[in-house]
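We count ligands from 1, going down the list as the structure has it; atoms in each ligand are counted the same way. In this chain, residues are counted from 1 in sequence order.
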Amino acid sequence: MVTEDPKITRRRFLKAFGLGLAGLSTTGFLTYLFGSSRALDILNTATPSSSPAFQPFTKFRINSVEETPHVDLNQYRLIVDGLVKQPVKWSFSELKQSLTEVEQISDFHCVEGWGVKNVRWTGIKMKELLETVKPKPTATHLTFYSLGGVYTESLSLDEAAEDETLLAYGLYGKPLPRQQGFPLRVIIPRMYGYKGAKWLHRIEFTDHQHLGYWEQYGYNVDGVTPPR
Ligand SMILES: Nc1nc2c(c(=O)[nH]1)N[C@H]1C(S)=C(S)[C@@H](COP(=O)(O)O)O[C@H]1N2
Ligand SMILES: [Mo]
């Protein structure tokens, strides 16, 4: 069974700690980040899954700063462009035909201090995508764009080429649930969840590192060090 709990959003999670933020406005979030000692306590407990402070959950919290997009799989395209020798624009079935399907069991953890152990993803390795599109010598990074136009993230080419970096389309043997990124999301198990864009539709190769959605609010671009 796919485990998810759509009712618990980031905002509710924060509210549960008595922060009572009015949504994810910039000021609200900065208050969360810097203005309240209780908020800082929460951030200080945000730790990798090896730490005793990490809380293993059996279900994902659904964390989204945007509405869940309606995706018609027949209309969906994955665009890979920018500094590559072989740009592609694949339908979902072309994506699956072009690259090798892999299954990976890995821990997922959010910077808010929760995570899920032994998550079974199905997808393709970013490493194989890199070999297919062939980055130009000037390319150093890639930027991930989500449908909806709000959420972006980025990795270095080396991070993208790590063995566990996936573009996932399956969760526990089923297509991704809509709220969890259908049809495609980025998974980098050793990094916090915010590094993995849901509803991925474009990957742009660049000669600089783009700062992602949460990174503009102080989250670290390495995806490993808790927010400043
Ligand atoms: N497009 C998009 N991707 C996103 C997010 C988001 O708000 N929008 N939230 C990130 C964060 S902070 C986390 S922890 C995970 C949450 O994944 P889940 O909803 O499957 O638990 O998605 C990440 N990817
Ligand atoms: Mo997160």
Is the shortest side-chain heavy-atom distance between N118 and D107 below 4.5 Å?
yes
Contact check, side chains of Y213 and V65, non-hydrogen atoms, under 4.5 Å
yes
Within the structure, is a non-hydrogen atom of Y213 found at a distance of less than 4.0 Å from ligand 1?
no
Does some side-chain heavy atom of Y194 sit less than 4.5 Å from a side-chain heavy atom of E215?
yes
Just to be sure I read this right, does ligand 1 sit under 4.0 Å from the backbone of Y151, its side chain, both, or neither, counting only heavy atoms?
side chain
Within the structure, does W114 bring an N/O atom to less than 3.5 angstrom of an N/O atom in ligand 1?
no
For a 4.5 angstrom cut-off between non-hydrogen side-chain atoms, does F182 reach T68?
no
When the ring planes of Y145 and H201 are compared, do they come out parallel, tilted or perpendicular, using 30° and 60° as the limits?
perpendicular
Hey, does V119 have a side-chain heavy atom less than 4.5 Å from the side chain of F60?
yes
Pairing of R202 and E204 as salt bridge, 4.0 angstrom limit:
yes
I'd like to check whether Q179 has a polar contact with ligand 1, where a contact means an N/O of the residue lying under 3.5 Å from an N/O of the ligand.
no
What atoms in ligand 1 come closer than 4.0 Å to a heavy atom of I62?
19 (O)
Contacting atoms of ligand 1, where contact means under 4.0 angstrom from a heavy atom of W199
1 (N), 2 (C), 8 (N)
Output every pair passing salt bridge (charged side-chain N to carboxylate O under 4.0 Å, His left out) with a member in residues 182-192, not counting sequence neighbours, ordered by first then second residue.
E162-R190
Ligand 1 atoms in contact with V65 (distance to a heavy atom under 4.0 Å):
6 (C), 7 (O)
Among Q180, R61, R185, closest by any non-hydrogen atom to atom 17 (O) of ligand 1:
R185
D207: what forms a salt bridge (Lys or Arg N to Asp or Glu O under 4.0 Å) with it, not counting sequence neighbours?
none
Using a 4.0 Å heavy-atom cut-off, which part of F108 comes near ligand 1: side chain, backbone, both, or neither?
side chain
Which ligand 1 atoms are under 4.0 Å away from a heavy-atom of A197?
3 (N)
Proximal atoms of ligand 1 relative to S146 (non-hydrogen, under 4.0 Å)
1 (N)
Geometric N/O contact C110 with ligand 1, under 3.5 angstrom
no
Polar contacts were defined as any N/O atom of the residue lying under 3.5 Å from an N/O atom of the ligand; does this apply to G196 and ligand 1?
yes
Using heavy-atom distances only, which candidate in E112, H201, E66, K198 approaches atom 19 (O) of ligand 1 most closely?
K198
